[in-house]
Undergrad: 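Supplied in structure tokens, the structure appears directly below.
Every chain is numbered from 1, with letters handed out A, B, ... down the list of sequences.
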There are 2 protein chains.
Amino acid sequence: MHSSRNVPALLNKANLRPTRQRLALAELLFAKGDRHVTAEALYDEARAAGIGVSLATIYNTLHQFSSAGLLRSISVDTSKTYFDTNTGNHHHFFLEDGDEVIDMPQGSIEISNLPEPPEGMEISQVDVIVRVRSTRK
Amino acid sequence: MHSSRNVPALLNKANLRPTRQRLALAELLFAKGDRHVTAEALYDEARAAGIGVSLATIYNTLHQFSSAGLLRSISVDTSKTYFDTNTGNHHHFFLEDGDEVIDMPQGSIEISNLPEPPEGMEISQVDVIVRVRSTRK
DNA sequence: ATTTGTGCAAATCGTTTGCATCTGA
DNA sequence: TCAGATGCAAACGATTTGCACAAAT
């Protein structure tokens, strides 16, 4: 998807100054394949990696990256927002037990017979969330 | 769906004492067809109807009704939880502009090619949310 | 009499905001 | 230089919780 090299180019394209924080966060986010992070989790990870960054900046950055199309935000749970580094067209499993979000392989779901949106409305996105839980109760 | 008469029977079946508040709230919720309410909205409605009830009780009641299968909760938006009086198998439109949730007619969406859930997991629910916005920007 | 529900206010928790200070172009 | 970014702490808003009091069985 987004290669971890040319992070500066990504930021440029998004009209975001390549600041120390943004560079480091983009590196963290896009280096290791597809991920689903919360603000708090990214914050902890950044601090653990020795990146000096505040939580407010984490939030700013996640939102800026989302607006720029580098991330996609997911609401599975009212309690926190997840940010997905995979911006392609795909859907999710949500593990109710551990509050974990997992990508479904792209193309694995087929939706048909989608009704027309209400008058004067257009579809901006279709989200499918398959909630799963452990078989043993 | 749930008829507005025999509300006491509903509560009985759910093992919930038919208190003044629960009776009144059930009446409000199930009297006028399918609805999607937030706690705050139901609270305002109840007070407007002269029902003495606290916000804490609204939350308790909504959760108890959900556990009992009388309501279904929907997370479209990280900011608030919606409770749907239609507990049947159906999906939703979410109007991004007004933060409104609308039922899609049951059977109007067909999902096929659903992947197997991860090892040791079973599907508890499939949620489809079609986000729509006004055509004119 | 005992159990269950209710109301209030305080506490939580993720997220946002205001504002003074820094930093990259 | 100076618009844009960051950090801190305070503010927020939805939801939860603790606990004393009230109501249902």
Side-chain angles (χ1 to χ4, degrees), chain A residues 7-28 36-47 49-68 70-71 73-83 99-101, chain B residues 7-28 36-47 49-68 70-71 73-83 99-101:
Chain A
V7 158
L10 278 186
L11 296 184
N12 263 344
K13 196 163 37 170
N15 265 318
L16 296 170
R17 287 186 184 172
T19 64
R20 184 173 60 71
Q21 291 79 342
R22 294 210 271 235
L23 286 166
L25 294 175
E27 210 63 66
L28 276 185
H36 303 89
V37 296
T38 62
E40 202 72 43
L42 183 59
Y43 179 59
D44 292 344
E45 190 180 340
R47 308 202 95 218
I51 301 167
V53 66
S54 71
L55 188 52
T57 296
I58 296 278
Y59 277 104
N60 286 337
T61 303
L62 288 172
H63 289 145
Q64 290 151 356
F65 284 10
S66 295
S67 302
L70 303 176
L71 292 175
S73 74
I74 316 175
S75 302
V76 261
D77 185 69
T78 313
S79 66
K80 13 176 192 271
T81 300
Y82 290 81
F83 292 85
D99 281 14
E100 197 187 344
V101 176
Chain B
V7 158
L10 278 185
L11 295 184
N12 263 345
K13 196 163 38 174
N15 266 317
L16 296 170
R17 288 184 182 174
T19 64
R20 186 173 57 72
Q21 292 78 342
R22 294 210 271 234
L23 286 167
L25 294 176
E27 210 62 68
L28 276 185
H36 304 88
V37 295
T38 61
E40 202 72 43
L42 182 59
Y43 178 61
D44 292 344
E45 190 179 340
R47 310 204 94 220
I51 301 167
V53 66
S54 72
L55 188 52
T57 295
I58 297 277
Y59 277 104
N60 286 337
T61 303
L62 288 172
H63 289 145
Q64 291 152 354
F65 284 10
S66 295
S67 303
L70 302 176
L71 292 176
S73 73
I74 317 175
S75 302
V76 260
D77 185 69
T78 312
S79 66
K80 15 178 191 273
T81 300
Y82 290 81
F83 293 86
D99 281 13
E100 198 186 344
V101 176

Undergrad: To the nearest 0.5 Å, how far apart are CG in B/L42 and CG in B/L55?
TA: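 Going from CG on B/L42 over to CG on B/L55, the span is 9.5 Å.
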Undergrad: Could you state the atom-to-atom distance from CG of B/L62 to P of C/dT6 in whole Å?
TA: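 Spelled out: CG on B/L62 to P on C/dT6 is 12 Å.
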Undergrad: At their closest point, which heavy atom of A/A46 faces which heavy atom of A/L28, and how far apart are they?
TA: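 It is CA-CD1, 3.8 Å.
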Undergrad: Considering all heavy atoms of both residues, which atom of B/P18 and which atom of B/L11 are nearest to each other, and what is their separation?
TA: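 Smallest heavy-atom distance, with atoms named: CA-CD1, 3.8 Å.
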Undergrad: Between atom CG in A/N15 and atom P in D/dA5, what is the gap in whole Å?
TA: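 Whole-Å distance recorded here is 10 Å.
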Undergrad: Without decimals, in angstroms, what is the distance between B/N12 CG and C/dT4 C1'?
TA: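 Value for this atom pair: 14 Å.
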Undergrad: Keeping the roles fixed (side chain from B/R22, backbone from B/T61), state whether a donor-acceptor pair exists under 3.5 Å.
TA: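 Answer holds: no.
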Undergrad: Can a side chain N or O of B/R22 be found less than 4.0 Å away from OP1 or OP2 on D/dA24?
TA: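 No, because none of the side-chain N or O atoms of B/R22 sits under 4.0 Å from OP1 or OP2 of D/dA24.
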Undergrad: Could you report the tightest heavy-atom contact between A/V53 and A/Y43, atom names first, then the distance?
TA: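 Heavy atoms of A/V53 and A/Y43 come nearest at O-CE1, 3.3 Å.
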Undergrad: Indicate the atoms forming the closest heavy-atom contact of B/T78 with A/S75, along with that distance.
TA: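 Heavy atoms only, the tightest pair is OG1-OG, 3.2 Å.
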Undergrad: Rounded to whole angstroms, how far apart are CD on A/Q64 and P on D/dG4?
TA: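 To the nearest whole Å, that distance equals 12 Å.
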Undergrad: Which heavy-atom pair separates A/T81 from A/S73 by the least distance, and what is that distance?
TA: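 It is CG2-CB, 4.0 Å.
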Undergrad: By nearest heavy atom, map B/R17 and A/Q21 onto DNA chain D; which one lands nearer the 5' end?
TA: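 Result: A/Q21.
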Undergrad: If I take atom CD1 in residue A/I58 and atom C1' in nucleotide D/dT6, what distance separates them, rounded to the nearest angstrom?
TA: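 Spelled out: CD1 on A/I58 to C1' on D/dT6 is 12 Å.
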Undergrad: In whole angstrom, what separates A/L23's CG from C/dT23's P?
TA: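 Atom-to-atom, A/L23 to C/dT23, this comes out as 15 Å.
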Undergrad: Does a side-chain N or O of B/T57 approach OP1 or OP2 of C/dG7 to a distance below 4.0 Å, or not?
TA: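 True: B/T57 side-chain N/O within range (under 4.0 Å) of C/dG7 OP1/OP2.
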Undergrad: In whole angstrom, what separates A/L11's CG from C/dA25's P?
TA: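 Distance check: A/L11 CG to C/dA25 P gives 11 Å.
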Undergrad: Which of the following nucleotides, C/dA25, D/dG7, C/dT6, is nearest to the side chain of A/V53?
TA: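 Among C/dA25, D/dG7, C/dT6, the one nearest the side chain of A/V53 is D/dG7.
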Undergrad: In this structure, how many angstroms lie between the P atom of C/dG7 and the CG atom of B/L25, rounded?
TA: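 Roughly 9 Å, once rounded to whole Å.
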Undergrad: Determine, for nucleotides 13-18 of chain C in 5'-to-3' order, which nucleotides have protein heavy atoms under 4.0 Å from the base (write B), from only the sugar-phosphate (write S), or from neither (write -).
TA: -SBBB-
